[in-house]
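The basis for the numbers below is simple: all heavy atoms, side chains too, and nothing from hydrogens, waters or symmetry mates.
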Amino acid sequence: MPIYGAGVRPGQIKNLVTFGDSYTDVVVVSNGGTQWPIYAAGYAHVNLFPFARSGATCSNNITFRPFPSVFETQLPMYFNESGTSPTGKKTKGSVNLVPAETIYTLWIGTNDVGSNALLTGSDQASLVDVTQCMINWVTTLHASGARNFLFQNMIPLETVPLYAPVSYPDRYWTAQRNTTEWSVFMKELVLSGNQLTKLMLEALAPKLSDSHIGIFDSHGLFTDMRAHPQLYLNGTAPLNVTGAVQACVFQLNESTSDTGDCTIATGSDRDSFLWFDELHPSEQADRIVAKNIAQVIEGRQNEWTTWLS
């Protein structure tokens with residue numbers, strides 16, 4: 001059994017550095033409003049340094065997609081701007097982040113396990129390769145001097161409209177598919193991937209005794225939001241955990257350059273939805289994520305977070 005740690009102290013963290021994909025990207029916003037890192041930094045009164053980019057996987061050398069991956073793009077951008085390097089050597093950077101006052105988050109995996117990747121076949125890549133890459137994010141940043149890490153695991157992707165058993169042709173996939181098979185396989189990929197990273201992080205934590213490593217249970221949080229939406233969603237339309245703010249139905253093999261047949265919620269009705277579109281959380285769901293991450297940043301107890309060191 002792992003020995004659990006206390007995590008960061010109240011008032012310790014001044015900076016939030018984020019890595020990941022469209023769930024975290026503050027440049028190309030995926031929820032139609034404001035992304036969770038901006039909310040979280042505001043709630044916790046810390047500085048935000050966002051490096052997550054939409055479409056990303058952990059590494060394009062494992063699951064290739066023509067988007068800025070964590071290892072080939074995001075980490076090099078961070079090293080360049082922070083004046084650090086994978087070996088810990090200091091260089092000239094535009095910002096100076098004190099390691100003890102900085103927390104690093106990673107929310108990745110949605111594209112790695114999804115369509116056009118592990119779900120539909122990705123050369124010789126395996127789930128083990130993908131999860132090991134996620135752990136390498138911790139060791140790479142640690143070697144550069146970082147000391148506080150929050151690992152956000154994968155949500156129950158089999159419940160998003162794209163991968164649900166009753167899914168339909170949408171902007172992300174219009175080809176023929178067995179929707180039940182996709183949903184079952186996605187559930188296995190997510191559960192297995194989350195367990196692998198948990199075990200790997202528990203094994204890693206004692207080796208990095210000078211660090212704090214926490215796991216944020218995104219999977220548990222989104223499962224609870226789906227099961228008890230009345231505790232989280234507060235819009236003016238009936239609460240909805242299966243549809244989306246912007247739901248667009250395409251014809252099979254239809255070009256996604258077309259708009260499809262869309263149903264779009266507006267105004268305060270948007271906050272009644274768990275999903276923004278067929279793949280991404282809504283802005284209200286992201287506010288809930290931000291509220292919980294802010295508690296972690298502030299050094300407060302959080303029901304979805306386990307500190308391993």
Side-chain angles (χ1 to χ4, degrees), residues 2-8 12-13 15-21 24 49-53 56-64 68-91 93 95 97-113 118 125-154 192-218 293 296-297 305-309:
I3 299 175
Y4 295 112
V8 297
Q12 176 183 343
I13 300 301
N15 308 301
L16 169 64
V17 183
T18 56
F19 296 87
D21 51 34
T24 304
F49 299 90
F51 294 95
R53 294 295 181 268
T57 59
C58 187
S59 172
N60 279 335
N61 292 328
I62 299 173
T63 46
F64 177 78
S69 68
V70 172
F71 268 85
E72 285 74 48
T73 300
Q74 297 175 33
L75 280 169
M77 283 195 303
Y78 163 75
F79 290 134
N80 182 61
E81 291 189 25
S82 65
T84 58
S85 71
T87 61
K89 181 180 179 181
K90 294 294 292 183
T91 61
V95 296
L97 298 176
V98 178
E101 298 178 351
T102 306
I103 192 167
Y104 297 79
T105 68
L106 175 67
W107 200 3
I108 199 71
T110 295
N111 297 316
D112 306 70
V113 302
L118 292 186
S126 72
L127 186 60
V128 173
D129 299 321
V130 168
T131 53
Q132 184 60 63
C133 178
M134 297 176 184
I135 305 308
N136 290 345
W137 169 82
V138 177
T139 56
T140 298
L141 281 170
H142 180 269
S144 75
R147 291 297 180 265
N148 304 304
F149 307 93
L150 188 65
F151 184 93
Q152 299 166 254
N153 67 11
M154 291 182 282
S192 300
N194 283 349
Q195 184 65 13
L196 280 170
T197 52
K198 178 176 181 286
L199 293 171
M200 290 177 177
L201 287 170
E202 287 176 346
L204 176 65
K207 300 176 184 177
L208 305 181
S209 58
D210 57 348
S211 300
H212 296 296
I213 300 175
I215 299 176
F216 182 81
D217 187 12
S218 308
I293 296 290
V296 178
I297 295 170
T305 303
T306 300
W307 286 103
L308 305 179
S309 58

If I compare all heavy atoms of [X] with all of [Y], which pair ends up nearest, and what's the gap?
X      : Y      : answer
Ala56  : Ser69  : CB-CA, 4.0 Å
Arg53  : Gln74  : N-NE2, 3.5 Å
Thr63  : Ala125 : CG2-CB, 4.2 Å
Ile213 : Ala205 : CD1-CA, 4.0 Å
Cys58  : Met134 : SG-N, 3.6 Å
Ser82  : Thr84  : OG-OG1, 2.7 Å

Val8 vs Trp307, side-chain contact (heavy atoms from CB on, under 4.5 Å): CA-CA, chis, key distance, verdict: CA-CA 9 Å; Val8 297; Trp307 286 103; 4.1 Å; yes
Reported [atom1]-to-[atom2] distance for the pair [X] and [Y], which is rounded to 0.5 angstrom:
X      : Y      : atom1 : atom2 : result
Ser218 : Trp107 : OG    : CH2   : 5.0 Å
Leu75  : Asn136 : CG    : CG    : 10.5 Å
Thr57  : Asn111 : OG1   : CG    : 7.0 Å
Thr197 : Leu204 : OG1   : CG    : 12.0 Å
Leu118 : Leu127 : CG    : CG    : 6.5 Å
Thr73  : Asn60  : OG1   : CG    : 7.0 Å

Hey, does the side chain of [X] reach the backbone of [Y] with a donor-acceptor pair shorter than 3.5 angstrom?
X      : Y      : answer
Asn80  : Met77  : no
Gln12  : Ala100 : yes
Asn148 : Pro99  : yes
Glu202 : Leu308 : no
His212 : Ser309 : yes
Asp217 : Thr305 : no
Asn194 : Asn153 : no
Thr18  : Ala52  : no
Thr140 : Trp137 : no
Thr105 : Leu150 : no

Say whether Ser59 and Glu72, considering side chains only, have a donor N or O and an acceptor N or O under 3.5 Å apart. yes
So, Gln195 versus Ser192: side-chain donor-acceptor pair below 3.5 Å or not? no
Measure the shortest side-chain to side-chain distance between Asn61 and Phe71 over non-hydrogen atoms and say whether it is less than 4.5 angstrom. no
What I'd like to find out is whether the side chain of Leu201 reaches to under 4.5 Å of the side chain of Val138, using heavy atoms alone. yes
Proximity of Phe49 and Tyr78 rings by center, below 6.0 Å: no
Aromatic ring pairing Tyr104/Phe19, orientation class (parallel under 30°, perpendicular over 60°, tilted between): parallel
Kindly indicate, with the supporting measurements, whether the criterion side-chain contact (heavy atoms from CB on, under 4.5 Å) is fulfilled by Glu101 and Ile13. CA-CA 4 Å; Glu101 298 178 351; Ile13 300 301; 5.8 Å; no
Applying side-chain contact (heavy atoms from CB on, under 4.5 Å) to Phe216 and Ile293, what does each step give before you reach the verdict? CA-CA 8 Å; Phe216 182 81; Ile293 296 290; 3.8 Å; yes
Could you give all pairs that pass the salt bridge (Lys or Arg N to Asp or Glu O under 4.0 Å) test and reach residues 136-148, with sequence neighbours left out? Arg147-Asp210
